[in-house]
Amino acid sequence: MAKIQAVRGMNDILPGEAQAWLAFEAKVEAWLARYGYQNIRMPLVEHTQLFRRAIGEATDIVEKEMYAWRDELNGEDLTLRPEGTASCVRAAIEHSLLHDGPKRLWYGGPMFRHERPQKGRYRQFHQYGAEALGYPGPDVDAELIVMCAALWRELGLEGLRLELNNIGAPQERARYRADLVRFLEKNRERLDDDARRRMQTNPLRTLDSKNPSVQEVLSGAPTMAAYLGDESLGHFEGLKRLLDAAGVGYTLNARLVRGLDYYNLTVFEWVSDRLGAQGTVCGGGRYDGLFELLGGRPTPAAGFAMGNERLLALVAAASEGEAVQALDAYVIHQGSGTLEYALPLAEALRSRGYRVVLHAGGGNFKAQMKKADASGAALALIVGEDEVRGGEVTLKPLREAREQLRVRKQALVPEFEQAMKKG
RNA sequence: GUGAGAGUAGCUCAGUUGGUUAGAGCAUCGGUUUGUGAAGCCGAGGGUCGUGGGUUCGAUUCCCAUCUCUCACCCCA
């Protein structure tokens, strides 16, 4: 039989790793709560139209990265979510979540993009996202950024750089874009293939070219800043003032545009240089037009999403060897009637909150002792025919040289607590 | 989607200038006195050498294709 493997780019998170995931998730979720963000859980599958409209027809995600299919049962066009913001805003509109004022929300879970996998990039990957809905900013813009800085500190991450840009209002960007395309057209023959292609798909990205001769041409290109009105400039100044006040450093990056169409004004990315080519660990910005685009009332909003795999890669590099979750007790039973005797004892300890494994799968006494040792448990509980006859149970410390003791089974819980305290 | 590198035991890797039963360490399992684990010692299991084809008397080794993984391009979390 040919063996079946996991789908390319979709990885199992095995027990060894899952421990780090649980710890990471606990930290992140506590941190989100501390800033007053409330959890929301959206489906993994949405109508394809949601993403086409929200993210933009001409984006890479919509053009070639979506897991989209037609449901043969009823003819619906469906898509595995490639990101969370569109779903979150859809849910906010659908359930009138902002009827009693603005909301701070967070979500987490898997996202799906059909790209070629590489380091830090997978077809199923995981994000946490935070969205501040109904706030015009720049106060929440600053809050979103400042809270990230706090999380990096808590996770012990160093060397993360904040890149910041102001892409203005949609009309401002459109005028700039038109002028930029005109400029690029005029210099078409001096551009490389890549720049000519981007000129069509995403003209602002042309500015990002790594080709020196293209960069030379671009030095004469119009700049975004000249197209921004007082309101846009004022918003950005306000944000920068708040970041300065919070002591969060940033670097301005005029080429930072981001791949999704819905952004305006503030856009930002947290970047690491320790992750290879996929260095963006968190990205976000303001998207004041998205509610209307999805059929809602005009509503200002901003948010970010962070990539768990990328952050965990940095966490793993930062802290080697997390403590493994250890068992408190491993219960050995050998002989007729001992399992029936041991089972309720194990349950009694578990109901007190202890981690207890009751040996399963047979094996002689010695084999069971070996398993107990290998399990990492602090204590072995031994139940043989002897103990059953006497109404007792033996407690044997496995991690330090202490005498084992035999106790009445009625006294197991207090005696066990005693023994655990000494260890 | 394009390019480059890599696939030998559960893991990390040797190895064969083409030749008989393919190795090590770790891990697993068993033994080392009876109901007592870890170290040491002894032993065992586990590989169609990624898959398919070609060249050859003979292929894990050479050639081709294919799949998978890794990294990079593109783009992004």
Side-chain angles (χ1 to χ4, degrees), chain A residues 2-11 14 16 55 58-65 81-85 108-130 148 193-195 197-198 201-202 205 208-211 256-260 267-272 275-284 303-314 330 332-335 338 359 361 363-388 394-401 403-404 406:
Chain A
K3 63 183 167 192
I4 298 174
Q5 297 180 296
V7 175
R8 158 177 266 180
M10 307 210 180
N11 303 120
L14 303 176
I55 298 171
T59 58
D60 277 13
I61 292 177
V62 170
E63 273 181 356
K64 52 189 190 193
E65 295 173 3
R81 66 180 187 190
E83 59 111 38
T85 301
M111 306 293 166
F112 304 86
R113 296 190 199 167
H114 194 118
E115 300 180 89
R116 189 80 173 261
Q118 71 183 78
K119 184 181 174 118
R121 193 173 73 184
Y122 309 99
R123 290 183 173 180
Q124 174 176 326
F125 61 102
H126 299 79
Q127 290 186 332
Y128 276 106
C148 285
D193 290 347
D194 196 43
R197 185 180 52 75
R198 286 177 177 176
T201 57
N202 193 343
R205 280 244 166 253
D208 211 5
S209 174
K210 281 152 196 148
N211 186 334
L256 182 62
V257 276
R258 308 196 42 77
L260 292 69
V267 293
F268 64 90
E269 282 186 10
W270 288 93
V271 184
S272 166
L275 288 174
Q278 308 303 326
T280 302
V281 124
C282 173
F304 64 75
M306 55 198 227
N308 297 5
E309 282 83 357
R310 292 180 186 178
L311 282 168
L312 274 160
L314 290 175
Y330 192 100
I332 289 166
H333 51 90
Q334 176 73 197
T338 56
H359 179 82
N364 59 27
F365 193 86
K366 195 184 190 74
Q368 293 193 36
M369 276 304 290
K370 283 191 174 190
K371 288 265 203 285
D373 181 47
S375 77
L379 293 170
L381 290 201
I382 300 173
V383 176
E385 290 174 357
D386 240 30
E387 281 85 351
V388 172
T394 299
L395 302 185
K396 180 183 170 70
L398 293 173
R399 304 302 146 200
E400 75 274 358
E403 284 298 300
Q404 67 184 45
R406 222 160 141 145

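So you know, we letter chains A, B, ... as the sequences are listed, proteins then strands, and number each from 1.
Between the base of B:C74 and the side chain of A:Q118 there is a donor-acceptor pair shorter than 3.5 Å. With hydrogens and angles ignored, a donor-acceptor pair under 3.5 angstrom links the side chain of A:R116 to the base of B:U2. A:Q278 contributes no side-chain N or O that forms a donor-acceptor pair with the base of B:A72 under 3.5 Å.
Distance noted for atom P between B:G18 and B:C63: 11 Å (whole Å). Look at the P atom in both B:U12 and B:A27: the space between them is 15 Å, to the nearest Å. Straight-line distance between the P atoms of B:U61 and B:U70: roughly 25 Å, to the nearest whole Å. B:U8 sits 11 Å from B:C49 when the P atoms are compared, rounded to a whole Å. Going from the C1' atom of B:C64 to that of B:U20 covers 29 Å, rounded to whole Å. Straight-line distance between the C1' atoms of B:G58 and B:U66: roughly 25 Å, to the nearest whole Å. Between the P atoms of B:G15 and B:A6, the separation comes to 15 Å (whole Å). For the C1' atoms, the distance from B:U28 to B:G47 is 16 Å, rounded to whole Å.
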Within the 4.0 Å limit for protein heavy atoms, which parts of nucleotides 27-40 of chain B are touched? Write it as a string from 5' to 3', B for base, S for sugar-phosphate only, - for none. --SS----BBBB--
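For the pair A:E65 CD and B:C75 C1', the computed distance is 6 Å after rounding to whole Å. Protein atom CD of A:Q5 is 13 Å distant from nucleotide atom C1' of B:U66, rounded to whole Å.
The side-chain hydrogen bond (donor to acceptor under 3.5 Å, both in side chains) search around A:Q368 returns none, not counting sequence neighbours.
Nucleic acid contact for A:A372: none, since no nucleic acid atom lies under 4.0 Å from a heavy atom of the residue.
The nearest heavy atom of RNA chain B to A:K119 and to A:N308 marks one nucleotide each, and the one closer to the 5' end goes with A:K119.
Within the shown strands, B:A4 is the pairing partner of B:U70 under the Watson-Crick or G-U definition, both distances less than 3.5 Å. In this structure, B:U33 forms no base pair with any nucleotide, since neither Watson-Crick nor G-U wobble geometry is met with both distances under 3.5 Å.
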